[in-house]
Amino acid sequence: MKHEFKKIEPKWQAKWYEDKIFNAQDGSDKPKFYGLVEFPYPSGAGMHVGHIKAYSGLEVISRKRRMQGYNVLFPIGFDAYGLPTENYAIKTNTHPREITDVNIAKFSEQLKRVGFSFDWDRVVDTTEEGFYKWTQWIFLQMFEKGLVYRDRAFVNYCPSCKVVLSNEDSQGGKCDICHSDVVQKSKDVWYLRITQYADKLLKGLDTVDYPENIKQQQVNWIGKSTGAFVDFEVEGIEDKLQIYTTRPDTLFGVTFMVIAPEHPLIDKYADKIGNMDAVLAYREECNKKTEFERTQLVKDKTGVKLDGIEAINPLNGKKIPVFIADYVMMGYGTGAIMAVPAHDQRDYDFAKAFGVDIIEVIKGGDISVEAYTGDGEMVNSDFLNGFTNKKDSIVRAIEELEKLGIGKGGVQFKMKDWAFNRQRYWGEPIPIVHCEYCGDVAVPYEELPLKLPNMENFEPGQGGESPLARIDEYVNCKCPKCGKDAKRETDTMPQWAGSSWYYLRYIDPKNDKCLADMDKLNYWMPVDWYNGGMEHVTRHMIYSRFWHQFLYDLGAVNTPEPYAKRSAQGLILGPDGDKMSKSKGNVIDPLDIVDIYGADTLRTYVLFMGDYGAAAPWNDSSTKGCKRFLERVAALTDMITDEPISKDLETKLHQTIKKVTHDIEEMKFNTAIASLMGLINDIYAVGKLDKESVSIIIRLLCPFAPHICEEMWETIGGEGYASLAAWPEYDEAKTVNDTIEIGVQVNGKLRSTIVIPTGADKDTVLGIAKDDEKIKFATEGKTIVKEIYVPNKIVNLVVK
RNA sequence: GCUGGCAUGGCGGAAUAGGCAGACGCACAGGACUUAAAAUCCUGGGAUGGUGACAUCGUGAGAGUUCAAGUCUCUCUGCCAGCACCA
């Protein structure tokens, strides 16, 4: 058979999708497998080779599972809300709905041309009313449970996109979307209290099968620290100044305090502060800086001492000065710290700059040079003196603080609440009504979905106001509670909203009574295996785990965690080894590859090119190599004879079945394909094989290159679809060769190789080894002092 | 700075649980077929020396453990990813 991919690929795609052979069955008594890939954002650019690699991993696993008799759910959908579409809509004066529909159609077409075995009857689109109704529903459930709140705050604002960004979307002070500088702006912000789930998100990691690096990234992101809250009295002020510290045992080394420039106590007691103008000037200066600039100026400590105010160390009663400085952030802890310059480098730098005392409380360093942050014996610390173990001294300190009623043990998280609103058009409307009398009121559930109104012009308003604010009929409404005139919230949800729960909707995509039927959830959840990019490990994954844990507490889903297992694919780099980008002109279009080499070649190559989890550059010649391999496979149908294959070939065949079967499970697709190539090479050396062997090879290769396998299957008269044929079984006994070649070393150096019967005993093997001419030569005139034989592996003779 | 990871031929990469380093593919060289080329098939191949059998060296650098180290331990260097004035 020839590999006529242009003919066979459309042929089999049409058959598969017409017969719906990849559709998942509800109510089946087969074991289930739910494989999930990150649904794409349907951009106008169409599919990228990165998509192909990202989907091919679980594609192969899902196809193998089907052949192994599982009921497989392998769905696809579209994360279609978002800025690129909206910006394109503004530019071309087209409605985002139209653009989205065109792009989704284009993406679907492209995905089908690669032959992915998705269930096309379960496609979800986050911008569809039937979908976002439930996104809004979840939001309202959170609102009801007190997990949603509104606050006026300084936010990261992108002047170019005219949109408020979460901390996660503005890392490094750059907008995640357009990469321009982010500025600080005071805005009304809707927050989701994700911090309330911080501990659950942390603990849940113990129950899931994620790679260690992914778990670690999530742990770092959540950023739990344990320590203590301590109240400092401030002279002339009724309020206590509360700080958070991880080292309450260093309290005797505190020589000053620092509070964030935005700290509310400053305004409250403005009249007590002697140099309020200097304070305000400093604060003004800080506000001008972006978060990024603030964190860049690590070396130079700046700040202003608050005149007329002195705090009192609660343990020794010493009076200490209070400063404001921008190295203390309002967003972490209490926005105030006790400074221990002897044992914290930042406090040390500040103390040196401002001439404050430095008192050593932990022995071991030289505090005249730098802060000592290591362990050591506690000194100058009253009841803590003599402690040498950090843990013990901290426990003792907290015990004392609690006894005296001046502090208590506590924890802090780096993770902040999730800023959840955007002033843009193309997103889920936030279903809240602002009533003068009742406050923020939820839109009643029966009115969901709160539809995104139609508009002509989607340009954001002045000062970053949502375009929806310009539609009077939308804004003006009645309060659902009291019936009086009220105003509707005009902000929309961020792009992360829909993707936080989309995997649940695949299970029951058309349900209009609930987000998914509980019986179906019971059968399908959790997601057995979720593959995606490393870039989504901290944001998308944490957000969706948070939503899922909330839904679990609500009783709307049946598992505490959404994803049982997670893996990540590596990037495909351009042929030049750089990241693919339009500006570098090194982008490979997957559809070009399908046209030139065929979908089977593309699929095989992206998995063969290297370790699935690692980045690897595209190589067009290697792509050809994969095509050559598939052509050699296709020609096997012309090599069939009635004779049985040789013993050696049979052994190789069973070894290959074993290797492919196991390698796929570990996502070692490259070695699985390599072993198939090796088998084909051996068959070519003989030039013939029997029909059963061809049948086995077709089924082993089918998950990787399904079109060619279907065609071969048909050619050899196989029943039904190769894609649904039984996965080949191997016979362990037949994977063992009768004889094997092992190395013989003398003093650890390879001197010869010998052929031994598999499993031969030590004496036999040593006999063969010592009989070998080369070994005789190498050991001549020497005494053998030690003989080592590792069964079926190696012989080592130690001689003197 | 902290956390996690990586380093193997000309290139992408293999190497259960310490046991023949370089599987498989690419590129390259030689041969067959062809008027010729492409395609295809066959053969070769880490480096150095030697006509050769063979010898020596060889998995980022340096030490160590071991009969035996790409693999384990320590030190160092370089890259990738994430976090970062987190108190």
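No experiment lies behind these values; they were computed from the predicted model shown. Labels below follow one simple rule: chain letters A, B, ... track the order of the sequence lines, proteins then strands, and each chain is numbered from 1.
Rounded to whole Å, the separation between the P atoms of B:G62 and B:G82 comes to 32 Å. Going from the C1' atom of B:C80 to that of B:A69 covers 26 Å, rounded to whole Å. Comparing the P positions of B:C72 and B:A17 gives an interatomic distance of 11 Å, to the nearest angstrom. Across B:C42 and B:C54, the matching C1' atoms stand 28 Å from one another, rounded to whole Å. Separating the C1' atom of B:G46 from that of B:A39 is a span of 31 Å, rounded to the nearest Å. B:C41 and B:G60 have their P atoms separated by 35 Å, with the value rounded to a whole Å. Comparing the same atom, C1', in B:A81 and in B:A38 gives a spacing of 45 Å after rounding to whole Å. Rounded to whole Å, the separation between the C1' atoms of B:C57 and B:G22 comes to 16 Å.
The CE atom of A:Met415 sits 13 Å away from the P atom of B:A84 (whole-angstrom rounding). One can place CE of A:Met541 at 17 Å from P of B:G82, the figure rounded to the nearest angstrom. In this structure, A:Lys2 atom NZ and B:U40 atom P are separated by 13 Å, rounded to whole Å. Rounded to whole angstrom, the span from the NZ atom of A:Lys749 across to the C1' atom of B:U66 amounts to 16 Å. Between the CE atom of A:Met639 and the P atom of B:C41 there is a distance of 10 Å, rounded to whole Å. Distance CH2 (A:Trp221) to C1' (B:G82): 9 Å, rounded to an integer number of Å. For the pair A:Lys416 NZ and B:A84 C1', the computed distance is 11 Å after rounding to whole Å. The interatomic distance linking A:Gln655 (CD) with B:A14 (P) rounds to 20 Å, in whole Å.
Between A:Asn531 and A:Arg566 the shortest side-chain heavy-atom distance does not fall below 4.5 Å. Here the side chains of A:Lys734 and A:Leu653 are not in contact, with every heavy-atom distance at 4.5 Å or above. Under the 4.5 Å side-chain criterion, counting only non-hydrogen atoms from C-beta, A:Asn619 is in contact with A:Tyr605.
Every residue two or more places apart in sequence or in another chain was checked for a ring pair (Phe, Tyr, Trp, His ring centres under 6.0 Å) with A:Tyr597, and none qualifies.
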Could you write out each protein N or O paired with an N or O of nucleotides 3-10 of chain B at a distance under 3.5 Å?
none

Kindly give the atom pairs (protein nitrogen or oxygen, nucleotide nitrogen or oxygen) under 3.5 Å for nucleotides 45-54 of chain B.
residue : atom : partner  : partner atom : Å
B:C54   : OP1  : A:Lys774 : NZ           : 3.2

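A ring pair (Phe, Tyr, Trp, His ring centres under 6.0 Å) with A:Trp418 is found for exactly one of A:Trp496, A:Tyr197, A:Tyr191, A:Tyr543, namely A:Tyr543.
Nearest-nucleotide positions on RNA chain B for A:Leu797 and A:Tyr332 put A:Leu797 closer to the 5' end.
Rounding to the nearest 0.5 Å gives a distance of 11.0 Å between CZ of A:Arg751 and NZ of A:Lys774. With rounding to the nearest 0.5 angstrom, the CG atom of A:Leu602 is 11.0 Å from the CD1 atom of A:Ile596.
Ring orientation note: the planes of A:Tyr327 and A:Phe350 are tilted relative to one another, at an angle of 30° to 60°.
Between B:G82, B:C85, B:A87, one nucleotide has an atom nearer to the side chain of A:Tyr327 than all others, and that is B:C85.
A donor-acceptor distance shorter than 3.5 angstrom exists from the side chain of A:Thr779 to the backbone of A:Ile775, with no hydrogens or angles considered. The backbone N or O of A:Ala397 sits nowhere less than 3.5 Å from a side-chain atom of A:Asp249 that would complete a donor-acceptor pair. A donor-acceptor pair under 3.5 Å links the side-chain atoms of A:Thr758 to the main chain of A:Asn737, judged by distance alone. Between the side chain of A:Lys658 and the backbone N or O of A:Glu732 there is no donor-acceptor pair closer than 3.5 Å.
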So what's the dot-bracket for RNA chain B: Watson-Crick or G-U pairs under 3.5 Å, [ ] if a pair crosses, | if it pairs off-strand? (((((((..(((......[....))).(((((.......))))).((((....))))..(((((..]....))))))))))))....
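Side-chain contact of A:Tyr612 with A:Ser567: a donor-acceptor pair under 3.5 Å is absent, judged by distance alone.
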Only distances under 3.5 Å count here; give the side-chain donor-acceptor pairs of residues 793-800 of chain A to other protein atoms, sequence neighbours excluded, each with its distance to 0.1 Å.
residue  : atom : partner  : partner atom : Å
A:Asn796 : OD1  : A:Gly748 : N            : 3.1

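Enclosure of atom NZ in A:Lys584 by more than 12 non-hydrogen atoms of other residues, nucleotides or ligands within 6.0 angstrom is indicated.
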Base versus backbone protein contacts along nucleotides 15-29 of chain B [heavy-atom cut-off under 4.0 Å; B, S, -]: S---BB--BBSSS--
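Counting non-hydrogen atoms under 4.0 angstrom, A:Ala615 reaches the backbone sugars and phosphates but no base.
Anti is the classification of B:G10, since its glycosidic angle lies more than 90° from 0.
Of the side-chain N and O atoms in A:Tyr244, none sit less than 4.0 angstrom from OP1 or OP2 of B:A87.
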